[in-house]
Amino acid sequence: MPASTGRRGRPSRPSRPSRGRASPRSAAPVTPPPPAETQTEALARPNVTVPRAITVQQLGNLLGTSGVEVIKHLMRHGVIASINRVVNYDAAAAVATDLGFEPEPEPKAAKEAVAESAEAAPALAKAAPGQVLRPPVVTIMGHVDHGKTSLLDAIRQSKVTDTEAGGITQHIGAYQVEVKGQKITFLDTPGHEAFTAMRARGAQATDIAILVVAADDGVMPQTIEAIDHARAAGVPIIVAMNKIDKPTANPDKIKQQLGEHGLVLEEWGGDVILVPVSAKKKQGIQELLENLLVVAELADLKSDPNHHAEGIVIEAELDSSKGPIATVLVKNGTLKLSDRIVVGESWGKVKAMFNDKGQRLKSAGPSTPVEVMGLPTVPAVGERFLATADDKEARSLVDKRRKEALSGHAVAGRAFSLDELSSQIRAGQVKELGIILKTDVQGSIEPIKDSLERLKTEEAAVRVIHSGSGNVSETDVNLAVASRAIIIGFNTRPDPGARKLAEAEGVDIRVYTIIYDLIEDVRKALAGLLEPKLVDVVDGHAEIRQVFSMGKRGKIAGVSVNDGALRRGGLARVLRGGAPVAESSVTSLKHFKEDVKEMRAGFECGLGMDKFNDFQVGDIVEAFHREKRSAGSTA
């Protein structure tokens, strides 16, 4: 998410944008607008010395504001620059003037200043070889009737040129608009349910989420769900406060409610951008789009257009005349006509591609949504696709996926049960237990949530990803799959559809009627989440009495087992003078001429070890095994 922004900037009308990005060394010259102020006001402006070349972040530090605020003002002057890019004096001076300063150039030679600033710019300012910045992919979410569809329509209509007016000839579930020479891709989904269903299949389609909240209504249950789903996905949130034109609009109430649910706005020192809009009157749309570009700049979204295309199915249907049709979003690489693409357990050849305006395309680059013809079957929404070099590679990949499906290893990101949690979390190096909490009444949520979060230790923690009242729904199950969480219900039950989906996806739903039992089960599971320690457990000791040479096969030690037992295949270390000189596994144990698996205290045997034969009479062989034990375990 973007850093918190300053609040001293004064709004100014955006000038006509210049296409493209600022050069890594300097931006295009920008002439600051003449200040509309009196001479007295000008004298009151504090002076600031601005270098001939400076990075956006350094300029923010110099002016006592954030890099995000600097990016916004640069955009208003037609300069598109990311946080680590270097801008020239004219661009920097324009921002300084906007923020109430009187800029003056640094007296140092320009060449020296440029060289120093270029050296100071972080390496992140340079894209990796083959990597280029791609358009952000945005999903709009929020409560029903708060204006999600109206906002989508307002954005789309505001960016349709005269030649395209009325020409949105087909709806493919996604579309692109252009702002200041940069594209933004919008996914036209039903909301957070579809957003999370894609994530449940391992498809992270969205880069930024717009949360629509009606200014005359406020934060509602679906608004809270959308917040939790976006947070679980780890995507930045921009709040679009819609319907500000209504007489009953109450912006202060909305801001307060958002803060109560963890969204701290910029004006309150937080990092969440809020833009007042009216989808009905087309107000605030341009500012919303500009803020999307700012967040995208900070995210530094990159892709390799020369790579084989990879992406996500966002819609699919069976057309009576055209056959299976899939709308796909290219996430990386470039999809071309005649490419072979693998989707799920089938593959096909791209016969035709169309954009959201019904135009035929020969190729589609990163973040581009297209409708594709040529697949043999209708793929599932959220399924990932991959373009291959030829038919042979496509067949090979499909065969591999089918074998994985048969063996039960094909479900990436599959959920786990509370009982399995310990081993699953260890394998993924995750140290928290994600929980979706559903209760019968709203009043039960806070005490249960507080009790669960108090179980936190230094090694592991409980994170309540989402909480709400009512039955467990399919959306809850999808969120559990996407977040690798379990579902806990208190005095509530899962819907039939949710139960069926949970069984198919392996999601653990636990229902309780007693709070103590609920807390105790989670406490026990959390103990298993603690990072295990490998502990050496001594099994026995033996003293080397004789050493026998076996020629090319090395040496065998004749030992007397003093305590415990020695086991063939077990671990052992050789101690000489109390210090270990070797550690290996026992390869052979012989009692007289008979191979044995184990030799206990009081008996003598011949012992061989893997890759070690420097035995000496008097050495002690210490047999042991290693156990994983949770931190704090006394066993």
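All values below were derived from every heavy atom in this structure, side-chain atoms included, with hydrogens, water molecules and symmetry-related copies excluded. Only a predicted model underlies this, so the values are computations on that prediction, with no experimental measurement involved.
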Trainee: Testing the basics here: between Pro135 and Pro366, what is the closest heavy-atom pair and its distance to 0.1 Å?
Mentor: CD-O, 3.7 Å
Trainee: When you compare the side chains of Asn562 and His541, does any donor N or O come within less than 3.5 Å of an acceptor on the partner?
Mentor: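 No, no side-chain donor-acceptor pair sits under 3.5 Å.
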Trainee: Assess whether a salt bridge exists between Glu622 and Arg576, defined as any Lys/Arg side-chain N lying under 4.0 Å from an Asp/Glu carboxylate O.
Mentor: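 Salt bridge absent between Glu622 and Arg576.
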Trainee: Tell me if a side-chain donor or acceptor on Gln58 pairs with a main-chain N or O of Thr55 at a distance below 3.5 Å.
Mentor: yes
Trainee: Keeping Thr368 on the side-chain end and Gly365 on the backbone end, is there a donor-acceptor pair under 3.5 Å?
Mentor: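 Side chain of Thr368 to backbone of Gly365, a donor-acceptor pair under 3.5 Å: yes, one is there.
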Trainee: Should Ile487 and Asp508 count as side-chain neighbours, where that means a heavy-atom distance under 4.5 Å?
Mentor: no
Trainee: Can Asn491 and Tyr512 be counted as having a side-chain donor-acceptor contact under 3.5 angstrom?
Mentor: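 Not at all, the side chains of Asn491 and Tyr512 share no donor-acceptor pair under 3.5 Å.
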Trainee: Would you check if Val522 and Ile488 make a side-chain contact, meaning some heavy-atom pair closer than 4.5 Å?
Mentor: yes
Trainee: Counting distance only, does the side-chain N/O of Asp339 pair as donor-acceptor with the main-chain N or O of Ile341 below 3.5 Å?
Mentor: no
Trainee: Salt bridge or not between Glu598 and Arg600? Use side-chain N to carboxylate O under 4.0 Å.
Mentor: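 Judged by the 4.0 Å cut-off on N to carboxylate O distance, Glu598 and Arg600 do form a salt bridge.
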Trainee: Do His591 and Glu604 make a side-chain contact, defined as non-hydrogen atoms from C-beta onward lying under 4.5 Å apart?
Mentor: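 SC-SC contact between His591 and Glu604 ruled out.
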Trainee: How far apart are the C-alpha atoms of Leu575 and Val581, what are their side-chain angles, what is the distance that settles it, and do they pass the side-chain contact (heavy atoms from CB on, under 4.5 Å) test?
Mentor: CA-CA 6 Å; Leu575 306 177; Val581 294; over 6 Å; no
Trainee: Would you please say whether a donor-acceptor pair under 3.5 Å links the side chains of Ser473 and Asp495?
Mentor: no
Trainee: So do the side chains of Leu329 and Val137 get within less than 4.5 Å of each other, counting heavy atoms only?
Mentor: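 Sidechains of Val137 and Leu329: in contact.
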Trainee: Taking C-beta and beyond as the side chain, do His625 and Asp539 meet within less than 4.5 Å on heavy atoms?
Mentor: yes
Trainee: Measure the shortest side-chain to side-chain distance between Leu133 and Asp300 over non-hydrogen atoms and say whether it is less than 4.5 angstrom.
Mentor: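 Leu133 vs Asp300: side chains touch.
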Trainee: Ser444 and Thr439: which non-hydrogen atoms are nearest, and at how many Å?
Mentor: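 Answer, listing the atom of Ser444 first, then Thr439: CB-CB, 4.0 Å.
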Trainee: When you compare the side chains of Arg134 and Ser367, does any donor N or O come within less than 3.5 Å of an acceptor on the partner?
Mentor: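 Checked: Arg134/Ser367 side chains pair up, N/O donor to acceptor below 3.5 Å.
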Trainee: On a heavy-atom basis, which atom in Pro305 and which in Val132 lie closest, and how many Å separate them?
Mentor: CD-CG2, 3.5 Å
Trainee: If you measure from NE2 on His307 to CG on Asn332, what distance do you get to the nearest 0.5 Å?
Mentor: 6.0 Å
Trainee: First locate atom CE of Met353, then atom CG of Leu335, and finally report the distance between them rounded to the nearest 0.5 Å.
Mentor: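 Between Met353 CE and Leu335 CG, I get 5.0 Å after rounding to 0.5 Å.
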Trainee: Taking all non-hydrogen atoms of both residues, which atom of Arg573 and which atom of Pro580 are closest, and how far apart?
Mentor: CD-CB, 4.4 Å
Trainee: Any chance the side chains of Thr475 and Asn478 put a donor and an acceptor closer than 3.5 Å?
Mentor: no
Trainee: Between atom CH2 of Trp347 and atom CG of Leu386, what is the distance when rounded to the nearest 0.5 Å?
Mentor: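 Result: 13.5 Å between the selected atoms.
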Trainee: For residues Asp610 and Thr587, is any side-chain donor paired with an opposing acceptor at under 3.5 Å?
Mentor: no
Trainee: What are the two closest non-hydrogen atoms of Leu375 and Pro324, and how far apart are they?
Mentor: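 Taking Leu375 first and Pro324 second, the nearest heavy atoms are O-CG, 3.4 Å.
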Trainee: May I ask you to test the Arg493-Val511 pair for a side-chain heavy-atom distance under 4.5 Å?
Mentor: yes
Trainee: If you measure from CD1 on Ile448 to CG on Leu452, what distance do you get to the nearest 0.5 Å?
Mentor: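 The CG atom of Leu452 is 7.5 Å from CD1 of Ile448, to the nearest 0.5 Å.
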Trainee: Where do Val313 and Ala326 come nearest, in terms of heavy atoms and distance?
Mentor: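 Closest approach of Val313 to Ala326: CG1-CB, 4.5 Å.
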Trainee: Under a 3.5 Å distance rule, please check whether Asp619 uses its side chain to pair with a backbone N or O of Gln616 as donor and acceptor.
Mentor: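 Looks like yes, one N/O pair under 3.5 Å.
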Trainee: How long is the gap from NZ on Lys449 to OG on Ser467, to the nearest 0.5 Å?
Mentor: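 Here the interatomic distance stands at 4.5 Å.
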Trainee: Report yes if some heavy atom in the side chain of Val574 is under 4.5 Å from a heavy atom in the side chain of Met609; otherwise report no.
Mentor: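 Yes, side chains in contact.
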Trainee: Is it true that a side-chain atom of Asn306 and a backbone atom of Gly333 form a donor plus acceptor pair closer than 3.5 Å?
Mentor: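 Such a contact is absent between Asn306 side chain and Gly333 backbone.
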Trainee: Between the main-chain N or O of Val596 and the side-chain N or O of Arg568, is there a donor-acceptor pair closer than 3.5 Å?
Mentor: yes
Trainee: Give, for atom CG of Leu566 and atom SG of Cys605, the distance between the pair rounded to the nearest 0.5 Å.
Mentor: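 Going from CG on Leu566 over to SG on Cys605, the span is 5.5 Å.
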Trainee: If we count only N and O atoms by modelled type, under 3.5 Å, do the side chains of Thr206 and Thr139 hold a donor and an acceptor together?
Mentor: yes
Trainee: Assess whether atom CZ of Phe603 is packed by more than 12 heavy atoms of other residues, nucleotides or ligands within 6.0 Å.
Mentor: no
Trainee: Thinking salt bridges, do Asp390 and Arg340 make one under a 4.0 Å N-O criterion?
Mentor: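 Not counted as a salt bridge, because no side-chain N and carboxylate O are separated by less than 4.0 Å.
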Trainee: Is there a donor-acceptor pair closer than 3.5 Å between any side-chain N or O of Ser483 and the backbone N or O of Leu479?
Mentor: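 A pair under 3.5 Å: yes.
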